[in-house]
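No experiment lies behind these values; they were computed from the predicted model shown. Counting starts at 1 for both ligands and their atoms, in listed order.
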Amino acid sequence: MSGATVVSAAGAAFRKAAQQLKAGNLVVFPTETVYGLGANGLDENAVAKIFAAKGRPGDNPLILHVPDLAAARALSSAWPKMADKLAAEFWPGPLTLVVPRAAHVPASVSAGLDSVAVRVPDHVAAQALLREARLPIAAPSANKSGRPSPTRVQDAVDDLGDSVALYLDGGPCRVGVESTVVSLLGPKPELLRPGGIARQDIEKIIGPLAAPSGGPARSPGMKYKHYAPTTPLVLVQPDELAGLRAAGTVIVASRESRLSGPDIFVPGSRADPAAWATRLFALLRDLDAAGHKRIVVEAIPETGLGAAVMDRLRRASQG
Ligand code: TXA
Ligand code: MG
């Protein structure tokens, strides 16, 4: 269907990908969380291509990806002290910081906000691309708006086809859910999106995180329909699972629920939300493509990465 160019994320591929970025084109690349749809973050025309390819609302800002702390600081007009603490602990890694935006960063990257979101990805291929390109790379997850994020290169190809100049294949993503987004704009740090770094781990470093206080405008991405498979998805308590087995229904359950059969999928133990995170989006895409009538998913405890997993599942169940 598409003439998409997919190459292994190795060797000369990084130079080719960097050339595409410098030419203002789109490149899909792996990170430790999910695949990103990248463009030169300092080129407004290239950034506009991201919104067009994803069908992303223009008021939903993008994350700029950089190779290290120094490059992140250069994108902010007033780098907060707390950002240094968090960066020292969690970068490279799945934490995104929202900070005051430097004047040379195009407003369209941030959907007109005077802030900018930055992160240093913990993935050899993402790092190699960033160092080759010598540019901040603006990159949302490489899915069509509203679909589950891609954790395999083929998922991105399925959604975006030949609107992307080059796809770098780095295999499946390790973390599987997107980065945790923390705003450092106000007097108190705010958790804008649960993700790959657990809230508790962040609070150990900087103390309590507030819930977003400024309404949806503070975290524009969170108000949109998200992660929704086409197949209806219901989220239920463990004790409801057995009663829901039926023709056309598939069940995603923890190991502790002790269900088995061709209709049962087990991402891992209730005590291992990281395993659920790694498998979640690929499983949703695969089950969706298999044409079932209904997907039933067991709710897991919201500790550690369980908060991010349950956030994505709740949104997916809101269809
Ligand atoms: O793990 C990730 O974060 C992945 C990989 C590719 O890095 N990227 C990702 O991007 O998930 P995206 O665009 O799908 O989600 C970015 C989130 C959205 O919820 C958006 O609203 C929020 O970050 N965001 C970005 N810039 C912001 C800003 N200036 N203020 C508040 N929220 C912001
Ligand atoms: Mg996304």
Open item on the list: If I take atom CG from residue Asp272 and atom CG from residue Leu305, how far apart are they, to the nearest 0.5 angstrom?
Closed with: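 The distance works out to 9.0 Å.
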Any idea which atoms of ligand 1 are less than 4.0 Å away from a heavy-atom of [X]?
{"X": "His65", "result": "5 (C), 6 (C), 7 (O)"}
{"X": "Asn60", "result": "18 (C), 20 (C), 21 (O)"}
{"X": "Ile63", "result": "3 (O), 8 (N), 9 (C), 10 (O), 16 (C)"}
{"X": "Leu192", "result": "31 (C), 32 (N)"}

The one among [options] that brings a heavy atom closest to [atom]:
{"atom": "atom 3 (O) of ligand 1", "options": "Gly196, Pro150, Ser179, Cys173", "answer": "Ser179"}
{"atom": "atom 5 (C) of ligand 1", "options": "Asn143, Thr33, Leu97", "answer": "Thr33"}
{"atom": "atom 22 (C) of ligand 1", "options": "Ala126, Pro121, Pro61", "answer": "Pro61"}

Task: Side-chain donor-acceptor pair present, Arg279, Thr151, cut-off under 3.5 Å - done: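 No - no donor-acceptor pair under 3.5 Å links their side chains.
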TODO: Could you say whether the N/O atoms of Ser115 and ligand 1 ever approach to under 3.5 Å?
DONE: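 Yes; at least one N/O pair falls below 3.5 Å.
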Task: Heteroatom proximity flag, Ser141 to ligand 1, N/O under 3.5 Å - done: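 Yes; the residue has a nitrogen or oxygen that sits under 3.5 Å from a nitrogen or oxygen of the ligand.
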Task: Donor-acceptor contact present, side-chain Arg193 to main-chain Ala308, <3.5 Å - done: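 Not at all, since once roles are kept as given, no pair shorter than 3.5 Å links the two residues.
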Open item on the list: When you measure from the side chain of Tyr35 to the backbone of Asn143, do you find a donor-acceptor pair of N or O atoms at a distance under 3.5 Å?
Closed with: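 Between the backbone of Asn143 and the side chain of Tyr35 there is no qualifying donor-acceptor contact (under 3.5 Å).
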- [ ] Could you establish whether Arg119 and ligand 1 come within less than 4.0 Å of each other, counting only heavy atoms on the residue side?
- [x]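 Yes; Arg119 lies near enough to ligand 1 that a heavy-atom distance drops under 4.0 Å.
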Open item on the list: Any heavy atom of Arg56 closer to ligand 1 than 4.0 angstrom?
Closed with: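 Yes, Arg56 has a heavy atom closer than 4.0 Å to ligand 1.
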Open item on the list: Any salt bridge linking Arg119 with Glu178? Criterion: basic side-chain nitrogen under 4.0 Å from a carboxylate oxygen.
Closed with: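 Here Arg119 does not pair with Glu178 in a salt bridge, since their nearest N and O are not under 4.0 Å apart.
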Open item on the list: Just checking: Ser141, one of its N/O/S atoms, less than 2.8 Å away from the Mg ion (ligand 2), yes or no?
Closed with: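 It does; at least one qualifying atom falls short of 2.8 Å.
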Task: Per-residue contact class, Leu62 against ligand 1 - non-hydrogen pairs under 4.0 Å - done: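 Under 4.0 Å from ligand 1, Leu62 contributes backbone atoms alone.
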Task: Under-4.0 Å heavy-atom contact with ligand 1, by part of Arg193 that carries it - done: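 Side chain only.
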TODO: Indicate if Val98 and Ile137 have the same hydrophobic cluster label, given that clusters are the connected sets of ILVMFWY residues with side-chain heavy-atom separations under 4.5 angstrom.
DONE: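 In one cluster with Val98: Ile137, no.
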TODO: Assess whether salt bridge (Lys or Arg N to Asp or Glu O under 4.0 Å) is satisfied between Lys204 and Asp201, documenting all intermediate values.
DONE: CA-CA 5 Å; Lys204 272 181 217 151; Asp201 292 335; 3.1 Å; yes
Open item on the list: Please check if the number of heavy atoms outside Arg258 that lie under 6.0 Å from its CZ is greater than 12.
Closed with: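 For Arg258, atom CZ is not crowded (no more than 12 foreign heavy atoms under 6.0 Å).
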TODO: Report the C-alpha separation of Arg174 and Asp122 in whole Å, then their side-chain angles, then the decisive distance to 0.1 Å, and conclude whether the salt bridge (Lys or Arg N to Asp or Glu O under 4.0 Å) test is met.
DONE: CA-CA 10 Å; Arg174 175 171 59 81; Asp122 182 18; 3.2 Å; yes
